[in-house]
Amino acid sequence: MPHQPLNPYTPFEQMDKFGQDILTYINKNKVKQLILDLRGNWGGDFYVGLWLAYYLNLADGIDWLNGVYTLVDKDTFSAATINATQFKHLLNAKIVGEPTGSNPNGVQDMGTFKLPHSGLMISYSKRLFRLQGKLNEPLVPDVEVNYSWESYIAGEDNILMWVLDDLHKLNRANKALHRTSR
């Protein structure tokens, strides 16, 4: 399946369809590894991300021990930071990239109302979430890979390249293990 960043979050109904489609694709093509890209995602409804995790969790062929990665960067905020934290715990995802721009502890879940006389729309956060032990700190990746200026100039994505290299190493190790166990 082509690279499809999770940015921005779609409405719930669209994520439900995407979740069904991705599960079908994973099962049909016997996909064993996943890369969830939350870089540049400013958030939205984190339950939409949880709904994606629900569908992914149904894919029994995934290498849940070593084959799931979530990419984050300094432009990963709000619900996307929370989902990255949840993917680490729910999907055993290895977090790769830069520390996030927000922390997974904080007041989230936006509500809105309109001021009656001016008509101005006011937004506010309604719920306090604490998903990491460290208060007021970003989600720090398991493997910190900062964007490289040289890669950017060359039109490459060095964070994604790190993950692909790690997957190649894992696949080579698995093949060698299967050869020696015969």
Side-chain angles (χ1 to χ4, degrees), residues 1-73 75-98 100 104 108-109 131 139 141-145 147 151-152 154-182:
M1 182 167 232
H3 178 257
Q4 174 151 355
L6 297 172
N7 181 19
Y9 279 145
T10 62
F12 183 82
E13 294 76 18
Q14 287 177 301
M15 183 57 81
D16 186 55
K17 170 123 178 51
F18 178 72
Q20 292 173 29
D21 291 347
I22 195 89
L23 178 61
T24 299
Y25 181 89
I26 288 169
N27 289 335
K28 180 181 176 186
N29 294 285
K30 298 181 172 52
V31 172
K32 295 188 183 319
Q33 294 128 348
L34 293 172
I35 302 171
L36 302 160
D37 193 349
L38 293 175
R39 296 174 297 169
N41 187 320
W42 286 44
D45 182 347
F46 81 87
Y47 287 106
V48 170
L50 275 180
W51 197 240
L52 175 61
Y54 163 77
Y55 277 108
L56 294 174
N57 195 43
L58 297 175
D60 292 332
I62 297 295
D63 176 1
W64 294 111
L65 187 59
N66 297 303
V68 182
Y69 298 79
T70 299
L71 308 182
V72 296
D73 65 6
D75 291 323
T76 304
F77 287 98
S78 194
T81 299
I82 289 175
N83 283 146
T85 305
Q86 292 167 325
F87 294 166
K88 179 179 176 77
H89 297 286
L90 297 173
L91 304 175
N92 197 39
K94 183 183 291 184
I95 309 298
V96 179
E98 300 176 322
T100 58
Q108 311 278 338
D109 199 13
L131 299 174
L139 173 62
D142 299 312
V143 178
E144 194 166 336
V145 179
Y147 285 116
S151 294
Y152 178 78
E156 298 171 349
D157 182 343
N158 66 298
I159 295 173
L160 180 59
M161 297 302 286
W162 186 94
V163 171
L164 294 175
D165 185 53
D166 198 51
L167 285 169
H168 289 301
K169 289 176 189 172
L170 178 67
N171 288 334
R172 283 193 302 270
N174 285 339
K175 285 180 185 175
L177 180 65
H178 288 296
R179 271 186 252 132
T180 58
S181 65
R182 288 184 197 177

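The first residue of the sequence shown is numbered 1, and numbering continues consecutively from there.
Here the side chain of Asp73 pairs a donor or acceptor atom with the backbone of Thr76 at under 3.5 angstrom. Side-chain N or O atoms of Asn92 include one that pairs as donor or acceptor with a backbone N or O of Leu65 at under 3.5 Å.
Note that CG of Asn66 is 13.5 Å distant from NZ of Lys169, once rounded to the nearest 0.5 Å. Rounded to the nearest 0.5 Å, atoms NZ (Lys32) and CG (Asn171) are 9.5 Å apart.
For residues 49-61, the set of pairs meeting the side-chain hydrogen bond (donor to acceptor under 3.5 Å, both in side chains) definition, not counting sequence neighbours, comprises Asp16-Trp51, Asp16-Tyr55, Gln20-Tyr55. Legend: salt bridge (Lys or Arg N to Asp or Glu O under 4.0 Å) pairs involving residues 83-95, not counting sequence neighbours, sorted by first then second residue: Lys88-Asp142, Lys94-Asp166.
Here the closest non-hydrogen pair linking Ala59 and Asn27 is CA-OD1, 4.0 Å. Shown here for Gly43 and Ser78, the closest heavy-atom pair between the two residues is CA-CB, 4.3 Å. Between Gly44 and Ala79, the shortest heavy-atom contact is O-CB, 3.2 Å. When all heavy atoms are compared, the tightest approach of Gln33 to Ile62 is N-CD1, 4.3 Å. Between Ala84 and Ile95, the shortest heavy-atom distance links the atoms O-CD1, 3.4 Å. Looking at every heavy atom in both residues, Asn158 comes nearest to Tyr147 through OD1-CA, 3.6 Å.
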Next item on the list: Quick one: do Phe18 and Thr10 satisfy side chain to side chain contact (heavy atoms under 4.5 Å, CB included)? Show the steps, please.
Entry: CA-CA 9 Å; Phe18 178 72; Thr10 62; 5.9 Å; no
Next item on the list: Test side chain to side chain contact (heavy atoms under 4.5 Å, CB included) on Phe87 and Val68 and set out the steps.
Entry: CA-CA 9 Å; Phe87 294 166; Val68 182; over 6 Å; no
Notebook entry, point to check: Given the rule in the side chain to side chain contact (heavy atoms under 4.5 Å, CB included) test, do Arg39 and Asp157 qualify, once you have shown the distances and angles that lead to the verdict?
Noted result: CA-CA 12 Å; Arg39 296 174 297 169; Asp157 182 343; 2.8 Å; yes
Check: Would Ile35 and Leu164 count as a side chain to side chain contact (heavy atoms under 4.5 Å, CB included) if you check the C-alpha gap in whole Å, the side-chain angles of each, and the deciding distance to 0.1 Å?
Finding: CA-CA 9 Å; Ile35 302 171; Leu164 294 175; 4.0 Å; yes
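In this structure the side chain of Leu56 reaches within 4.5 angstrom of the side chain of Ile26, judged on heavy atoms. You'll find the side chain of Leu52 stays beyond 4.5 Å of the side chain of Asn83, heavy atoms only. Inter-residue side-chain proximity for Pro104 and Thr81 is flagged as met; some heavy-atom pair is nearer than 4.5 Å. For the pair Ile22/Leu34, no side-chain contact is recorded, criterion being any heavy-atom separation below 4.5 Å from C-beta on. Here the side chains of Leu50 and Leu90 are in contact, with some heavy-atom distance below 4.5 Å. At a threshold of 4.5 Å between non-hydrogen side-chain atoms, the residues Phe46 and Val48 do not count as touching.
The 12-atom threshold is exceeded at CZ of Phe12, counting heavy atoms of other residues, nucleotides or ligands nearer than 6.0 Å.
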